[in-house]
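Take a look at the structure set out below.
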Amino acid sequence: MPKVKIDIEHVAKLASLKLSAEQQRKLEKQLSEILSYVGQLEEVNTNNIEPIGQITGLENVTREDETAPSFTQEAALKNASRQHNGFFEVDAVFTENSPE
Amino acid sequence: MTSKGNFRRRLTLYKLMIDPQKLTIQEASELIAEKKISAVELNQSFLERAKKLNAKLNSFITICRDEALKQAKKVDELIAGNQSLNPLAGIPIAFKDLFSTKGIKTTAGSKVLENYAPAYNATVVKKLLDENVICIGKTNLDAWGHGSSGENSDFGPTKNPYDSSKVAGGSSSGSAAAVASAACLASTGTDTGGSIRLPSAFCNLVGLKPTYGLVSRSGIIAMASSLDCIGHLTKTVYDNALVLNTTAGKDFFDSTTQENRVGDYTKNINRGVKNLKIGLPKEYFGNLDKDIKEKTLAAVKTLEKLGAKIEEVSLPHTKYGVATYYIIQPSEVSSNLARYDGIRFGFGREKFGSEAKRRIILGTFTLSSGYYDAYYLKAMKVRRLIKEDFEKAFEKVDVIICPTSPTLPFKIGEKSDDPLKMYLSDIFVVNQNLAGVPSLNVPCGFINGLPLGMQIVGRHFSEELLYQVGYAHEQETKFYERRPEL
């Protein structure tokens, strides 16, 4: 497998992680070592091999969709850092100038 | 606490000549049932030990003294009322801090959840508490279960009770150190790629990674969902089977569980190994450290003397295990850790430690557009081959025995700056998770005063047989009797 370089900045954005320049540099080096190690899987012939499914062979496990007693609103909100009128409070996603 | 109370408690233990270090669940359970010791007395003495030893070993993130004593008092009332109780009633147990405990802080070893107290109990916690087990605390771990040594905890590393300059093994580091130092009689753990077996081997304990789906994952903070197995650590094989009796079975809240359990895992435990076929996979013994090989083969010899038939088997894809695992696991980690947003509970993502960040970035990359086929899909194909290796081997033999760790417990700090080197500590333990098969770590001796373990691996849902083999070996060797000097 050709040497793969991770675009750490892009991936960090996808994962919603903020990394310092120092962390990015360190990760780049470490992850390229790890990727070159896992690259050995290229040696394994997997033509005509299906990827594994559920490991003990279960398929399509379903159940009736019935309501049952659950958390109270109070219990569900207990650990929230911010709440407003019985709801989780979050920062606004859109601004007034966001396009529709 | 009054000094009079202290005195009476010590007197009870002294009078009965109980050494908490030697005590097993089996024995403690009899003492409680025969009313020779009360659940409160027993738990007070373990709570004292837990507190004292924690300063040295850092096994616990939380010790639940008040809750534990309240529960123990209830058990004593039930006993006074001549209620028939589970053998685990009144037994002090610690939960790895990934197990949700209602109203009790559950941190996952991470600062992200430093202030989080769940609103419900994990299924396994509920099942154990319903049988009147006493939760004495929550144990330390590599944050989120990410590690092989215990050093990745945001609350400091756990020390090995046999040598405090060495790691206890991870990620269930505190669970292992707590039982090995007799701060409790059993502990729970999770095993995604060795996290129960490795610390069990490093701390002279019996540790079960059950078949995937035998024990519910519900309410246990997820690491890699297709690999996570929920097990426990004890001093002896019998004790281990006792705990599985309560934890195993189908759970409405985990659709991967199956009612594929044996009624009582202790019932046939002394059946022996006569004519049992044991396979030794050549790939695990090739480059093995000479001393570890010698001890492991001595254990096999013991079983041969008891009537087992030994033969060599091959698991040809063994060497691809760590590479396969370190694609699948971080991929699933990145997905599972995406939920930590600091909105509903816990702090924000800036609190993730460096190992969690490393795995999130790696996993996000291997799942990202353009790379998914080359990494995750490829790994899931190799995973099928690894599973088929085990299936083919089990056409020839009943169980497989192999070492648990390529090294003895290593020095704290030795591998912490080199993630790949640390990942390679898992070389003997990840394939069982990839194949979903059960594996029991049992002690197999000491080298230079440090313990080592071996794995007994079987077909899916063959835990009863693994206990029989482990028990036969244990009765001959009794390595569990050698407790650490603390």
So for [X], is it side chain, backbone, both, or neither that comes closer than 4.5 Å to the heavy atoms of chain A?
X	answer
Ile328(B)	neither
Tyr371(B)	side chain
Asp341(B)	neither
Ala435(B)	backbone
Phe347(B)	neither
Val437(B)	neither
Leu434(B)	backbone
Ser354(B)	neither
Lys357(B)	both
Phe461(B)	side chain

May I ask you to name which of Ile34(A), Thr46(A), Val61(A), Leu14(A) has the most heavy-atom pairs under 4.5 Å with chain B?
Thr46(A)
Are there over 12 heavy-atom neighbours, none belonging to [X], within less than 6.0 Å of that residue's [atom1]?
X	atom1	value
Glu9(A)	CD	no
Phe87(A)	CZ	no
Lys102(B)	NZ	no
Glu74(A)	CD	no
Lys250(B)	NZ	yes

Could you measure the distance from the [atom1] atom of [X] to the [atom2] atom of [Y]? Nearest 0.5 Å is fine.
X	Y	atom1	atom2	result
His10(A)	Thr364(B)	NE2	OG1	10.0 Å
Phe365(B)	Ile8(A)	CZ	CD1	9.0 Å
Ile360(B)	Ser16(A)	CD1	OG	9.5 Å
Asn79(A)	Thr106(B)	CG	OG1	9.5 Å
Arg383(B)	Ile55(A)	CZ	CD1	4.0 Å
Leu35(A)	Leu420(B)	CG	CG	10.5 Å

Looking at every heavy atom in both [X] and [Y], which two are closest together, and how far apart are they?
X	Y	value
Lys319(B)	Tyr37(A)	O-OH, 4.5 Å
Leu58(A)	Thr257(B)	CD1-O, 4.5 Å
Ala75(A)	Ala119(B)	O-CB, 4.1 Å
Ala117(B)	Lys78(A)	O-NZ, 3.5 Å

Min side-chain heavy-atom separation [X]-[Y] under 4.5 Å:
X	Y	value
Gln54(A)	Tyr212(B)	yes
Thr366(B)	Val38(A)	no
Ile361(B)	Leu19(A)	yes
Leu362(B)	Val11(A)	no

Between [X] and chain B, which part of the residue has a heavy atom less than 4.5 Å away: side chain, backbone, both or neither?
X	answer
Asn45(A)	backbone
Gln83(A)	neither
Lys18(A)	backbone
Gln30(A)	side chain
Leu31(A)	side chain
Leu41(A)	both

Looking at [options], which one has more heavy-atom pairs under 4.5 Å with chain A than the rest?
options	answer
Tyr376(B), Phe345(B), Phe352(B)	Phe345(B)
Phe252(B), Tyr325(B), Tyr320(B)	Tyr320(B)
Val322(B), Asp418(B), Leu337(B)	Val322(B)

Would you confirm whether [X], through its side chain, and [Y], through its main-chain N or O, come within 3.5 Å as a donor-acceptor pair?
X	Y	result
Lys381(B)	Val44(A)	no
Arg384(B)	Glu50(A)	yes
Ser81(A)	Gly342(B)	yes

